[in-house]
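So that the names make sense, note that chain A is the first sequence line, chain B the second, and so on, each numbered from 1.
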2 protein chains.
Amino acid sequence: MSNLAGSIELYIRRLLAASPNAAIHLQRKELAEHFACVPSQINYVLSTRFTPERGYLVESRRGGGGYLRIRKLDLNRDKVLQLLELRQSLTGQNLSLQKATDFVCRLVEARLVTRREGLLMNAVISLEQQKRDDALEIVRGLMLARMIEVLLHEI
Amino acid sequence: MSNLAGSIELYIRRLLAASPNAAIHLQRKELAEHFACVPSQINYVLSTRFTPERGYLVESRRGGGGYLRIRKLDLNRDKVLQLLELRQSLTGQNLSLQKATDFVCRLVEARLVTRREGLLMNAVISLEQQKRDDALEIVRGLMLARMIEVLLHEI
DNA sequence: GGTAATATAGTCAGTGAAGGTCAAAGAGGG
DNA sequence: CCCTCTTTGACCTTCACTGACTATATTACC
């Protein structure tokens, strides 16, 4: 593994392996210093090697006392594969409202998501899109409100 | 918790947990002295950690004998309905990503939604908004994909 | 009672310390 | 030579913390 990205990947994987709970907590800056590279190199490694598809979850925080938290998730292989295929079939794909709700239906039937979760998904994907011109904050509020509203019928 | 703000947050939360009625009464100045920081640091902690979105209510009084009173409010179905009405009556209210996720977090804590459902909500409300220029169908696919991706971490 | 002094708490803008993004240059393999 | 993966650095956003200034109670004194 002669390249930098590979070395950093290996290093992180070893830390993870040595961690009792398969999770590590570190600082981007320090890691970069350890490898004598620019900090953004760490982002490159994380975004190419520690992806959800590979079963990793990366969380972070900016500002003073900022950090990176990397977790290795242990997943039920079959279900993951199913969902992953579904997910990949969706990204960037054109999807009419009808098809989208059909799809959610199938997820529920296959017991990959609960009925309530299905309701949530439908609530969001069926939101009217005229909201696209609104400010981001407003859209967020609308989505939250819609999701909660749907769940309220189920509580 | 290496941050000052984090330490203060923890300290207050412990006081609250130890309090029989989930309410505490203290002085800003004394708290600041306890942590050897400027008093306004306490305001910072209160305004970022003990917000209504997280279910806290902070009251205060200035002048001699001034104080801070911090309460943790419990959230039930009726409260959600109220909040929802409030939100819907205020369509166009700003809602930062931070506040939105805080609120979802609170819903989960109050057991009004499951952890998975909370993850779904967060997945959608945190979607980057550059997608606003994309066609409606694509946005739908992205939302679904994002929701599924998040569920993957939970299987 | 009115007013000045004192004792609190609130606000806000500035500074510094993280991490994030993106585009362009570099390196290697077919 | 071309394509892909890697590496870098300039610029951006978020978070933490501070201190000067402001606002509001209470207390003391006349």
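At whole-Å resolution of the value, CG in A:Leu4 and C1' in C:dG26 are 13 Å apart. Between A:Leu26 atom CG and C:dA18 atom C1' there is a gap of 13 Å when expressed in whole angstrom units. One can place CG of B:Asp102 at 14 Å from C1' of D:dC15, the figure rounded to the nearest angstrom. For the pair B:Glu30 CD and C:dA7 P, the computed distance is 14 Å after rounding to whole Å. Counting to the nearest Å, the C1' atom of C:dG10 and the CD atom of B:Gln27 are 15 Å from each other. Whole-Å rounding puts the A:Leu31 CG to D:dT7 P distance at 13 Å. The distance from atom CG of B:Asn3 to atom C1' of C:dG19 is 14 Å, rounded to the nearest whole Å. Between the C1' atom of D:dC15 and the CD atom of B:Glu9 lies a distance of 13 Å, rounded to the nearest Å.
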Any N/O pairs under 3.5 Å between the protein and nucleotides 1-3 of chain C? List them or say none.
none

Just the table, please: protein N/O against nucleotides 28-30 of chain C N/O, every pair under 3.5 Å.
none

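Looking at B:Arg106 and B:Glu53, no side-chain N of the basic residue comes within less than 4.0 Å of a carboxylate O on the acidic one, giving no salt bridge. B:Arg54 has no carboxylate O lying under 4.0 Å from a charged side-chain N of B:Glu109, or vice versa, which leaves the two without a salt bridge.
When the side chain to side chain donor-acceptor pair (under 3.5 Å) test is applied to A:Arg61, no partner is found at least two apart in sequence or on another chain. In this structure A:Glu30 satisfies the side chain to side chain donor-acceptor pair (under 3.5 Å) test with no other residue, sequence neighbours excluded. The ring-ring contact (aromatic ring centres under 6.0 Å, His included) search around B:Tyr67 returns B:His25, not counting sequence neighbours. For B:Tyr56, the ring-ring contact (aromatic ring centres under 6.0 Å, His included) partners at least two apart in sequence or on another chain are B:Phe50. For B:Glu33, there are no side chain to side chain donor-acceptor pair (under 3.5 Å) partners at least two apart in sequence or on another chain. Residues that satisfy the ring-ring contact (aromatic ring centres under 6.0 Å, His included) test with B:Tyr11, not counting sequence neighbours, are B:His34, B:Phe35.
Counting only heavy atoms from C-beta outward, the side chains of B:Ile8 and B:Ile42 approach each other to under 4.5 Å. Within the 4.5 Å cutoff, side-chain heavy atoms of B:Ile12 are placed close to those of B:Leu31. For the pair B:Thr114 and A:Thr114, the minimum side-chain heavy-atom distance is 4.5 Å or more. A 4.5 Å side-chain heavy-atom check between A:Arg13 and A:Arg49 finds every atom pair outside the cut-off. Looking at heavy atoms from C-beta onward, A:Gln41 lies in side-chain contact with A:Leu4 at the 4.5 angstrom threshold. Side-chain contact between B:Asn3 and B:Glu9: absent, with no pair of heavy atoms (C-beta onward) separated by less than 4.5 Å.
Distances shorter than 4.0 Å separate some side-chain N or O of B:Gln98 from OP1 or OP2 on D:dC15. Here A:Tyr44 does not reach the OP1 or OP2 of D:dT7: none of its side-chain N or O atoms lies under 4.0 Å away.
Residues from residues 58-66 of chain B that place a heavy atom under 4.0 Å from any atom of DNA chain C, listed by number: B:Ser60, B:Arg61, B:Arg62, B:Gly63, B:Gly64, B:Gly65, B:Gly66. The stretch residues 33-43 of chain B comes close to DNA chain D through B:Cys37, B:Val38, B:Ser40, B:Gln41, each having a heavy atom under 4.0 Å from the strand. Within residues 45-52 of chain B, the residues having any heavy atom under 4.0 Å from DNA chain D are, by residue number, B:Arg49.
A donor-acceptor pair is defined here as one N or O able to donate and one able to accept, closer than 3.5 Å; such a pair exists between the side chain of A:Gln27 and the backbone of A:Gly66.
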Side-chain donor/acceptor pairs under 3.5 Å, residues 14-21 of chain B, sequence neighbours excluded:
residue : atom : partner : partner atom : Å
B:Ser19 : OG   : B:Asn21 : N            : 3.4
B:Ser19 : OG   : B:Asn21 : OD1          : 2.8
B:Ser19 : OG   : B:Ala22 : N            : 3.4
B:Ser19 : OG   : B:Ala23 : N            : 3.2
B:Ser19 : OG   : B:Ala23 : O            : 2.9

